[in-house]
Amino acid sequence: MLDPNLFRNDLDSVIRGLASRGFEFDRETYQKLDSERRRVIQEAEVLKAERNRVSDEVAKLKRAKESADHLITQQRDMGDRLKNLETAEKAAEAAFKDFLSTIPNVPHESVPVGQDEHGNVEMKRWGAPAVIEQPKDHVELGTKLGILDLDRAAKMSGARFSVLKGMGAKLERALINFMADRQSAAGWAEVMTPYMVLPHSVYGVGQLPKFEQDLFKTMRGEDTLYLISTAEVPVTNLYREEILAEDQLPLRHCAFTPCFRSEAGSYGKDTKGIIRQHQFHKVELVAFTTPEQALAEHEHLTACAEAILEALELPYRRVLLCTGDMGFSSRKTYDLEVWLPSQKTYREISSCSWFGDFQARRANIRFRPKDGKPQFLHTLNGSGLAVGRTWVAVVENGQQPDGSIRIPKVLVPYVGAESIG
RNA sequence: GGAGAGAUGGCCGAGCGGUUGAAGGCGCCUGACUCGAAAUCAGGUUAUGGGGUGACUCAUACGGGGGUUCGAAUCCCUCUCUCUCCGCCA
């Protein structure tokens, strides 16, 4: 959520920023809701002040053992009048908040303006894609080696699920352990979290109320729990409603979790293979910082994700997303894209975002500066990395003419073999 | 699943219808003492929202929601969570 003061102090620049990402800010509705809210608050507070004054009078009289009956009679209907006003106040506050919570974050000034992915800017490339004659894709390679079984996955769960077998399952586990080991060694304190969360946690990171259709929802009686779409959700919410000390920042966590996404609206996209699944594994990096630390932390976090790709000898590039291609909550996002020989292109394998205080405001996460009042901190996160897509990249980039897969050196101790097949 | 206890400020912990935004302690800040530090002493130290250029002022908040009352941290209902004991269980 954006800071209401931003609207009050610098409405025009906010509107311009939002427009750059293709969001049209409804100025009229905003002003109507804001003035209504303030009107009701003031009305209620005048009445409450009056009630408090009279109650004090009553207290004084009673202590002096005098009669206060005339005041009490006079105040009889105060309760009802106030109750009505309080209801109106709550409604006005809620309407205002609902309006604000559907407004996306304002892009940072360093973000290029653009409508969609064509406006993204490539920042760097690392590694030269190997020359492979007639490269096979991971489905063909995996199926032949008996390490991937999509047909049987479909039998039990339908489309967009997979079964990994033998060395395929072991490779998945190896990647998870390698990534979690590396990131925790790099200073990202590991956490294991719930995979089901309450609605307010999803709201806190900005995926509710607008993106419910992307999530799996479960019911327990009347209560809703969502399956997490990313570890960002539980890890960011670790400190909801808390005030952290400034010297705790930057606070860095990594978390391995499965991720669940309904992929509504992506019918026909990446239907082949395990690039886009309803369930996949990810090692996520999440950072909490002061506003001053945030931009440097964004670079650091991205570098930590890149380090995994480099250790795995996977060619990749870093892309700075333009205003029109960024997620709802983000101020600035780098995507890391890995080379896939079968597609002869780079595909997203990590997304590293800085959210400013947008999520912190929604989840009410603050820090106490050395001298001064508590203020909202900044949050950042990025994949380090998406495990399923890394599995694909290792298999496709490591493929040999005989159909076997060469395992990257750093992974050999984890896999227990130098090649598969 | 059964029985009971509890939830108060950054932390611990009193209060159980009206001078309590909240005793006392810890922590933290300022000052005194000191060459400096520790100890000691004195003072200060919640957050959010409204109004005001400002000093300031008003409102709200004692797990969440609802109720009783002129007035609720205090009484009633309800939900959530935590703890103890019993049962069941990976």
Side-chain angles (χ1 to χ4, degrees), chain A residues 1-10 30-101 192-204 218-226 234 237-249 251 288 290 357 360-377:
Chain A
M1 191 157 70
L2 291 169
D3 183 353
N5 286 320
L6 279 180
F7 295 105
R8 233 170 270 175
N9 301 335
D10 202 1
Y30 162 74
Q31 272 158 357
K32 201 184 79 201
L33 290 172
D34 187 42
S35 60
E36 170 64 8
R37 166 177 160 274
R38 287 200 245 184
R39 205 208 83 218
V40 179
I41 286 174
Q42 284 174 35
E43 202 176 319
E45 288 191 353
V46 168
L47 203 57
K48 282 179 192 165
E50 166 68 11
R51 178 201 61 190
N52 292 345
R53 258 195 305 277
V54 176
S55 288
D56 279 350
E57 282 299 308
V58 173
K60 269 182 206 143
L61 289 173
K62 294 243 171 179
R63 248 178 276 121
K65 301 267 194 274
E66 291 175 34
S67 166
D69 291 352
H70 60 291
L71 287 176
I72 291 174
T73 315
Q74 180 194 321
Q75 289 297 95
R76 274 274 145 74
D77 67 328
M78 184 59 97
D80 285 340
R81 283 202 288 158
L82 257 178
K83 208 173 294 169
N84 290 335
L85 265 177
E86 271 171 9
T87 305
E89 192 180 337
K90 270 183 198 162
E93 292 272 21
F96 185 67
K97 199 179 168 206
D98 286 351
F99 175 80
L100 285 188
S101 68
M192 282 229 168
T193 69
Y195 307 143
M196 303 167 91
V197 293
L198 293 166
H200 68 240
S201 299
V202 188
Y203 175 88
T218 67
M219 302 301 290
R220 181 187 48 179
E222 291 297 297
D223 300 328
T224 301
L225 283 172
Y226 290 97
N237 279 283
L238 273 176
Y239 305 106
R240 66 174 298 110
E241 309 285 339
E242 291 193 34
I243 301 175
L244 305 179
E246 181 169 6
D247 57 20
Q248 288 179 270
L249 308 179
L251 178 57
F288 303 84
T290 66
D357 65 7
R361 195 175 292 282
R362 290 169 90 98
N364 196 214
I365 312 171
R366 292 174 291 174
F367 76 100
R368 192 180 295 280
K370 293 239 156 47
D371 7 70
K373 294 190 155 240
Q375 58 174 284
F376 293 112
L377 46 72

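Letters A, B, ... mirror the listed sequences (proteins, then strands); counts begin at 1.
Closest heavy-atom contact between A:Arg362 and A:Gly204: CB-O, 3.4 Å. Annotation for A:Ser101 and A:Tyr203: closest pair CB-OH, 3.1 Å, computed over non-hydrogen atoms. Residue A:Leu2 comes nearest to A:Leu100 through the heavy atom pair O-CD1, 4.4 Å, listed as atom of the first residue, atom of the second, then distance. In terms of heavy atoms, A:Thr73 sits closest to A:Asp69 at OG1-O, 2.7 Å. In terms of heavy-atom proximity, A:Tyr30 sits nearest to A:Pro4 at OH-O, 4.3 Å.
If you take atom P in B:G18 and the same atom in B:C75, they sit 11 Å apart, rounded to whole Å. Rounded to a whole angstrom, the distance from the P atom of B:C41 to that of B:G24 is 15 Å. Across the P atoms, B:G49 and B:G10 are found 15 Å apart, a figure rounded to whole Å. B:U48 and B:G9 have their C1' atoms separated by 14 Å, with the value rounded to a whole Å. Only the C1' atoms considered, B:G31 is 25 Å distant from B:C11, to the nearest whole Å. Distance noted for atom P between B:G27 and B:C12: 15 Å (whole Å). With C1' as the reference atom, B:G63 and B:U80 are 8 Å apart, rounded to whole Å. To the nearest whole angstrom, the two P atoms, one in B:A59 and one in B:G21, are 11 Å apart.
Position along RNA chain B of the nearest nucleotide to A:Lys90 versus A:Ala44 favours A:Ala44 as the more 5'-ward residue. Mapping A:Asp34 and A:Asn52 onto RNA chain B by nearest heavy atom places A:Asp34 at the nucleotide closer to the 5' end.
A:Arg81 comes within contact range of no nucleotide atom at all, as no heavy-atom separation falls under 4.0 Å. A:Arg39 comes within 4.0 angstrom of no nucleic acid atom, judged by non-hydrogen atoms across all strands. Here A:Gln75 lies in heavy-atom contact (under 4.0 Å) with sugar-phosphate atoms only. In this structure, A:Val58 reaches the bases: a heavy-atom distance under 4.0 Å links it to at least one base atom across the strands shown. The residue A:Arg53 sits apart from the nucleic acid: no heavy atom pair falls under 4.0 Å. Across all strands, A:Lys62 comes closer than 4.0 Å to base atoms (heavy-atom distances). Contacts of A:Asp56 with the nucleic acid, taken as non-hydrogen atoms under 4.0 Å apart, are absent.
Checked for salt-bridge contact, A:Lys60 and A:Asp56 miss the test: no charged N lies under 4.0 Å from a carboxylate O. Under 4.0 Å is where a charged nitrogen must lie from a carboxylate oxygen, and between A:Lys48 and A:Glu45 no such pair does.
Checking A:Val40, A:Ile41, A:Leu33 one by one against A:Arg37, the side-chain contact (heavy atoms from CB on, under 4.5 Å) holds for a single residue, A:Ile41.
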With a cut-off of 3.5 Å and sequence neighbours excluded, list every side-chain donor-acceptor pair involving residues 237-244 of chain A.
residue  : atom : partner  : partner atom : Å
A:Asn237 : OD1  : A:Arg240 : NH1          : 2.7
A:Asn237 : ND2  : A:Ser201 : O            : 2.8
A:Asn237 : ND2  : A:Val233 : O            : 2.8
A:Tyr239 : OH   : A:His253 : NE2          : 2.8

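When RNA chain B is scanned in the 5' to 3' direction for atoms under 4.0 Å from non-hydrogen atoms of chain A, the outermost contacting nucleotides are B:G18 to B:G71.
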**For RNA chain B, the dot-bracket pattern of Watson-Crick and G-U pairs whose distances stay under 3.5 Å, | for other-strand partners** = ((((((((.[[[..)..(.....]]]((((((.......))))))((((((....)))))).[[[[[..)....]]]]])))))))....
**Prompt:** So A:Glu93 and A:Lys90, salt bridge (Lys or Arg N to Asp or Glu O under 4.0 Å) or not? Walk me through it.
**Reply:** CA-CA 5 Å; A:Glu93 292 272 21; A:Lys90 270 183 198 162; over 6 Å; no
